[in-house]
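Just so it is clear, the model here is predicted, and its values are computed rather than measured. Reminder, nothing fancy here: chain letters follow the sequence lines and each chain counts from 1.
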Amino acid sequence: GGGTGLGGGAALEDAAANQGLTVRAYIVDQFRKLSNAYRAGADKGTGARMHGSGRSDAREYHYKQVCAALEHLSDSPDWAELEAIGTQRHGVGGKTIAKLRELWDTGRLGRVDEFSNNPEQVARELLIKVHGIGQSRVVELVRQGVRTISDLRQRTDLSPQTSIWLKYHDQLEQPIPRDHIGEVRDRIGAVASRIDPRLKAIACGSYRRGKMESRDMDVMLILRGAGPGSTEHLEVMARIVPELHADGLLTDDLTTPGKFPQFGKKTAARVTTPSVVQAENSIAYMGICIVGGVHRRLDLRCYPEHQEAPALLHFTGSGDFNRFMSRAANARGFTLSELGLQPSVIKGPAERVPSGPHLELHSEAHIFEILRLEYKDPSERRDKIDVIDSTTGRPFFQTRESRTALPALTDTSRLQAHHPAAIT
DNA sequence: TCGCAGGACAA
DNA sequence: TTGTCC
DNA sequence: GCGA
Ligand SMILES: [Mg+2]
Ligand SMILES: [Mg+2]
């Protein structure tokens, strides 16, 4: 029994029941609060340099792993089941088990209470949700006394993107029904095929993961027939975005395809710099569209057909799944991105460099296969524990053996032999 | 003690 | 390069 | 905060 006198986890059961949650959902919620708190720069906002300060990003990451482990518990775990994840789940250690014990005994986490009783921390977690406000700006804004969205609106130093986003703040918070996303994909697809009949539109993100509601829309354009060496797809965004405005779908841009960068000093040398090329040729667009009278966030991407598989994998997410699948790829001796999959090696401290060409990737399943990971349907791509080592059938991040790179896969020559279709 | 995904866009 | 986004 |  704990300090409250309640034994057998009764305090935890009560706390969960009070919120209408299962014990598991309540525990996950507590740790998700910790992850969100560190994302918002908890321990960076306070001037006092406390133990462990300056590790917010890593702790956000850490608590995401913990949440993934907790999600896979039963609805009402007993103490033995909670304690077991300390030994069974990669990334869950002593400090986390101590927090679980605290929850079991008292139904609360002191760290969560500390954060929720700290008005500055509460403000950071609120304001970081605004587009264009990240960990750095939120710490500075809150230090300057900003506490609410209203406070933020008073500022005269907001970026244009943040101002646009704030115009529609209320609408952008509303969940988007699945059907609306399919409609937008079709409208974009129609406009796209008018511009170039080789273009097709695919809705990705949480829509493709089967969710009935989403927070934004992710639509990918594929330029059929475009292969390595083609740059045609880079010009699509600057052509289609004005058409989507004319169509009445888009209302505001958060990025501006084709916009020429403004320099303090415009020199001839700068004109040939890569950043200029990137600005004129864009593959990514972020903006606001209107569907059924409600403004929504829309992300657009355009890729050549030979990058369809890695791009589809990447923009289907989830974000957590991508991070852990990329880590698995690294452990197998590869770098994975929306652009492709290529062998890579660790060069110096914190530096991984390509050691071979991108491989030809025929499908999402092909990528899983090369990495010896179990294929996951989009609806099953949630978190760390969904990345499964197909040689063991167990979560990739679980055992020493499963994390060891496979010689047959990291030896580039043998890999090329098995996958002869490397692309250049 | 070190790394924790990787890349695109804005400024 | 830094900050932010996905 | 954890694991290599
Ligand atoms: Mg933000
Ligand atoms: Mg989305």
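Atom pair Met237(A):CE and dG7(B):P shows a separation of 18 Å (rounding to whole Å applied). Summarising the geometry, the separation between CD1 on Ile97(A) and P on dG1(D) is reported as 14 Å, rounded to the nearest angstrom. Atom P of nucleotide dA8(B) and atom CG of Asp253(A) are separated by 20 Å, given to the nearest angstrom. The interatomic distance linking Asn281(A) (CG) with dA10(B) (P) rounds to 13 Å, in whole Å.
At a threshold of 4.0 angstrom between heavy atoms, the contacts of Lys99(A) are confined to the sugar-phosphate backbone, with no base atom among them. At a threshold of 4.0 angstrom between heavy atoms, the contacts of Tyr63(A) are confined to the sugar-phosphate backbone, with no base atom among them. Across all strands shown, Asp57(A) has no heavy atoms under 4.0 Å from either base or sugar-phosphate atoms. When heavy atoms are screened at a 4.0 angstrom cut-off, Val138(A) is found touching no nucleic acid atom at all. Across all strands, Arg297(A) comes closer than 4.0 Å only to sugar-phosphate atoms, never to a base (heavy-atom distances). Contact annotation for Val66(A): no contact, since no heavy-atom pair falls under 4.0 Å across all strands.
With sequence neighbours left out, the salt bridge (Lys or Arg N to Asp or Glu O under 4.0 Å) criterion links Arg239(A) to no other residue. Evaluation of the side chain to side chain donor-acceptor pair (under 3.5 Å) rule for Arg111(A) yields Tyr38(A) as partners, not counting sequence neighbours. Not counting sequence neighbours, Ser136(A) has no partner by the side-chain contact (heavy atoms from CB on, under 4.5 Å) test.
Considering only the side chain of Leu339(A), dG7(B) comes nearest among dC5(C), dG3(B), dG7(B). Checking dG3(B), dC4(B), dC9(B) against the side-chain heavy atoms of Thr255(A) singles out dC9(B) as nearest. Closest to the side chain of Ser337(A), out of dG7(B), dG1(D), dG3(B), is dG7(B). For Thr335(A), counting side-chain heavy atoms from C-beta on, the closest listed nucleotide (dG6(B), dC2(D), dA11(B)) is dG6(B).
The pair Asp320(A)-Lys64(A) meets the salt-bridge criterion, with a side-chain N (NZ, NE, NH1 or NH2) lying under 4.0 Å from an Asp/Glu carboxylate O. Taking the charged nitrogens against the carboxylate oxygens, Glu140(A) and Arg143(A) do have a contact shorter than 4.0 Å, which makes a salt bridge. Salt-bridge annotation for Glu364(A) and Arg381(A): present, with a side-chain N of the basic residue lying under 4.0 Å from a carboxylate O of the acidic one. Salt-bridge check for Arg147(A) with Glu120(A): passed, with a basic side-chain N closer than 4.0 Å to an acidic carboxylate O. Checked for salt-bridge contact, Glu81(A) and Arg24(A) miss the test: no charged N lies under 4.0 Å from a carboxylate O. Between Arg301(A) and Asp218(A) there is no salt bridge, since no side-chain nitrogen of the basic residue lies less than 4.0 Å from a carboxylate oxygen of the acidic one.
Distance noted for atom P between dG1(D) and dG7(B): 30 Å (whole Å). Between dC5(C) and dA5(B), the distance separating the two C1' atoms is 14 Å to the nearest Å.
Applying a 4.0 Å cut-off to non-hydrogen atoms, the residues of residues 298-328 of chain A that approach DNA chain B are His314(A), Arg323(A), Ser326(A), Arg327(A), listed by residue number. For the contact set between residues 152-168 of chain A and DNA chain B, defined by any heavy atom under 4.0 Å, the members are Pro160(A), Gln161(A).
Residues Thr316(A) and Arg208(A) bring a donor and an acceptor atom of their side chains to less than 3.5 Å of each other.
When each of Arg372(A), Arg332(A), Lys384(A) is tested with Phe396(A) by the rule side chain to side chain contact (heavy atoms under 4.5 Å, CB included), just one qualifies, namely Arg332(A).
Put simply, Asn330(A) has no side-chain N or O that comes within less than 4.0 Å of OP1 or OP2 on dG3(B).
Mapping Ala284(A) and Gln65(A) onto DNA chain B via the closest heavy atom, the residue that lands nearer the 5' end is Gln65(A).
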Atom pairs under 3.5 Å, N or O on each side, protein against nucleotides 1-3 of chain C: can you list them with distances?
none

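To the nearest 0.5 Å, atoms CE (Met325(A)) and CG (Asp383(A)) are separated by 14.0 Å.
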